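The next block holds one structure in the form of structure tokens; read it before the comments.
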Amino acid sequence: MQRFTDQKYLTQDQYKDASNLDARIAIHQKFSTNPQGWFNWIFDMLIKLPAESKILELGCGSAEMWKECASRIPAGWIITLTDLSDGMLDAAWRNLVPLGRNFKFEQMDAQSIPYGDKIFDAVIANHMLYHVPDREKALAEIRRVLKDDGHLIATTVGKTHMQEMYRFLNHVNINARPGMFSNRFTLENGLEQLQKVFSQVRKSQYIDNLHVTEIDPLIAYIRSSIGSTDLSEEKLGELKKELTAVLEKEGKILITKDSGLFEALK
């Protein structure tokens with residue numbers, strides 16, 4: 001099974017806690033060229049919802065969006081945050097408990113949502129549908145729990161997203177193999193998948209890149225993406241020297257971003 005959809009690997013290794021995800025979020029927060037910010041951009045879509053809305057997030061991770069956009073959350077929203085990983089839910093709870101809001105946290109598999117029909121005004125799937133083994137089943141479940149006028153906000157990436165970073169990862173991975181980072185729900189193919197389930201689907205692109213001006217966050221990102229048994233420390237050291245030379249010469253390391261979202265209406 002591909003690691004992108006291997007639930008055992010995802011919950012017991014890659015996302016057993018928030019450390020790997022935090023390292024990857026950090027590089028975007030520090031070096032993105034779009035001043036709006038990814039989470040605020042997503043929230044601009046959500047804020048169109050009624051003041052009294054029930055919202056379900058699948059694969060909430062560490063709930064960084066809700067933490068960053070806390071002042072924008074309408075008082076009348078009822079928000080349920082879920083993740084397959086208990087470790088990620090613990091991180092989400094720790095991030096949000098200081099806000100004093102009544103968030104609900106649940107361990108949940110998107111392929112089997114334990115709620116009745118037509119419960120939620122919106123479902124959010126932020127960079128997570130490509131992790132779901134049976135995506136058709138998950139999308140059917142999402143549609144089922146949405147109200148008749150409900151919205152799905154599903155974010156993902158395009159085929160050129162962080163292509164430079166994937167070259168770095170393949171260089172230092174001693175067990176690199178073709179297709180190991182292949183994504184089965186992208187900006188290129190997601191529209192067709194969603195149109196099979198939802199009446200209307202609209203794609204929006206987020207314009208951004210990374211101008212990395214420090215080496216350590218870049219190395220932290222690489223370490224977060226490759227397990228210690230697959231990482232060549234020798235090759236990582238070589239790569240660090242090469243990137244340091246680029247940084248000294250150019251003043252920044254460019255990493256291309258290609259991300260966006262689909263808004264689907266039931």
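If you're wondering where the values come from, they're calculated on a predicted model, not measured in any experiment. All residue numbers in this chain count up from 1 along the given sequence. Just so you know, these numbers use all the heavy atoms, side chains as well, and skip hydrogens, waters and symmetry mates.
For S32, the side-chain hydrogen bond (donor to acceptor under 3.5 Å, both in side chains) partners at least two apart in sequence or on another chain are D208, K257. In terms of the salt bridge (charged side-chain N to carboxylate O under 4.0 Å, His left out) criterion, D149 has no residue partners (sequence neighbours excluded).
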Candidate pair T186 and E188, rule side chain to side chain donor-acceptor pair (under 3.5 Å), full reasoning: CA-CA 5 Å; T186 65; E188 288 79 22; 3.2 Å; yes
Test log, rule side chain to side chain contact (heavy atoms under 4.5 Å, CB included), inputs F43 and E68: CA-CA 10 Å; F43 212 87; E68 187 169 312; over 6 Å; no
Test side chain to side chain contact (heavy atoms under 4.5 Å, CB included) applied to L81 and W93, step by step: CA-CA 9 Å; L81 303 181; W93 179 84; over 6 Å; no
Side chain to side chain contact (heavy atoms under 4.5 Å, CB included) between L46 and M65, intermediate numbers included: CA-CA 11 Å; L46 292 175; M65 180 183 74; 3.8 Å; yes
Verdict with reasoning, N209 to T33, per side chain to side chain donor-acceptor pair (under 3.5 Å): CA-CA 6 Å; N209 286 306; T33 58; 5.0 Å; no
E141 vs S112, side chain to side chain donor-acceptor pair (under 3.5 Å): CA-CA, chis, key distance, verdict: CA-CA 7 Å; E141 280 288 272; S112 181; 4.8 Å; no
Residue pair H151, L146: steps toward the side chain to side chain contact (heavy atoms under 4.5 Å, CB included) verdict: CA-CA 7 Å; H151 297 240; L146 280 172; 5.8 Å; no
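Minimum interatomic distance between W77 and A51 (heavy atoms only, all atoms of both residues): CD1-O, 3.4 Å. Scanning both residues, G61 and D83, for their nearest heavy atoms gives N-OD2, 2.9 Å. Taking both residues in full, the closest heavy atoms of A23 and A220 are given as CB-O, 4.0 Å, listed atom of the first, atom of the second, then distance. Between G260 and L187, the shortest heavy-atom contact is N-CD1, 3.8 Å. Here the shortest heavy-atom pairing between L129 and A154 reads CD1-CB, 3.8 Å. Of all the heavy atoms in R101 and I79, the pair that sits closest is NH2-CD1, 4.4 Å.
The closest side-chain heavy-atom distance from I142 to F198 is below 4.5 Å. With contacts defined as side-chain heavy-atom distances shorter than 4.5 Å, the pair C60/M88 does not qualify. Using a 4.5 Å heavy-atom cutoff, the side chains of L58 and I113 are in contact. Using a 4.5 Å heavy-atom threshold, the side chains of M162 and H28 count as touching. Put simply, the side chain of H171 reaches to within 4.5 Å of the side chain of E238, judged on heavy atoms. Using a 4.5 Å heavy-atom threshold, the side chains of I255 and F31 count as separate. The shortest distance between side-chain heavy atoms of P133 and Q111 falls below 4.5 Å. Residues L247 and E214 are not in side-chain contact: their nearest non-hydrogen atoms beyond the backbone lie 4.5 Å or more apart.
The aromatic ring centres of F105 and W66 sit 6.0 Å or more apart.
Side-chain atoms of E64 do not come within 3.5 Å of backbone N or O of F39 as any donor-acceptor pair. In terms of modelled atom types and a separation under 3.5 Å, the side chain of N170 and the main chain of Y166 share a donor-acceptor contact. Side chain of E164 to main chain of T256: a donor-acceptor pair is present (N/O by atom type, distance under 3.5 Å, no hydrogens or angles). A donor-acceptor pair is defined here as one N or O able to donate and one able to accept, closer than 3.5 Å; no such pair exists between the side chain of K67 and the backbone of N95. At distances below 3.5 Å, not a single donor-acceptor pair connects side-chain atoms of Q200 with backbone N or O atoms of L265. A donor-acceptor pair is defined here as one N or O able to donate and one able to accept, closer than 3.5 Å; no such pair exists between the side chain of Y130 and the backbone of T156. Between the R24 side chain and the S224 main chain, a donor and an acceptor come within less than 3.5 Å of each other. Side chain of R94 to main chain of S62: no donor-acceptor pair is present (N/O by atom type, distance under 3.5 Å, no hydrogens or angles).
The structure places OG1 of T155 at 11.0 Å from CE of M45, a figure rounded to the nearest 0.5 Å. Rounding to the nearest 0.5 angstrom, the gap separating the CD1 atom in I25 from the CD atom in Q29 is 6.5 Å. We find the CZ-NZ distance between F168 and K240 to be 14.0 Å, quoted to the nearest 0.5 Å. Annotation: the span from Y115 atom OH to R144 atom CZ amounts to 11.5 Å, rounded to 0.5 Å. With rounding to the nearest 0.5 Å, the separation of CG in L89 from CG in L84 is 9.0 Å. Atom OG1 in T82 sits 11.0 Å away from atom NZ in K104 (nearest 0.5 Å).
Salt bridge absent: D121 and K54 never bring a charged side-chain N and a carboxylate O closer than 4.0 Å. A salt bridge links R223 with E233: the distance from a Lys NZ or Arg NE/NH1/NH2 to an Asp or Glu carboxylate oxygen falls below 4.0 Å.
Heavy atoms of other residues, nucleotides or ligands lying less than 6.0 angstrom from NZ of K249 number 12 at most. The 12-atom threshold is not exceeded at CG of N102, counting heavy atoms of other residues, nucleotides or ligands nearer than 6.0 Å.
Of the listed residues (H161, Q163, Q205), just one forms a side-chain hydrogen bond (donor to acceptor under 3.5 Å, both in side chains) with D258, and that residue is Q205. Looking at R135, R143, E136 one by one, the single match for side chain to side chain contact (heavy atoms under 4.5 Å, CB included) with V197 turns out to be R143. Shown are L243, T213, L210, L239; of these, the side chain to side chain contact (heavy atoms under 4.5 Å, CB included) with L218 is made only by L243.
V123 and V201 fall within a single hydrophobic cluster, where Ile, Leu, Val, Met, Phe, Trp and Tyr side chains are chained together by heavy-atom contacts under 4.5 Å. Linking ILVMFWY side-chain heavy atoms closer than 4.5 Å, directly or via other members, places I78 and L49 in two distinct hydrophobic clusters. Taken together through direct or relayed side-chain contacts under 4.5 Å among Ile, Leu, Val, Met, Phe, Trp and Tyr, I215 and L254 form parts of separate hydrophobic clusters. The same ILVMFWY cluster, assembled from side-chain heavy atoms under 4.5 Å apart, contains both M128 and L194. Taken together through direct or relayed side-chain contacts under 4.5 Å among Ile, Leu, Val, Met, Phe, Trp and Tyr, I27 and I222 form part of one hydrophobic cluster.
Sorted by first then second residue, the ring-ring contact (aromatic ring centres under 6.0 Å, His included) pairs that include residues 209-266, not counting sequence neighbours, are F185-F262.
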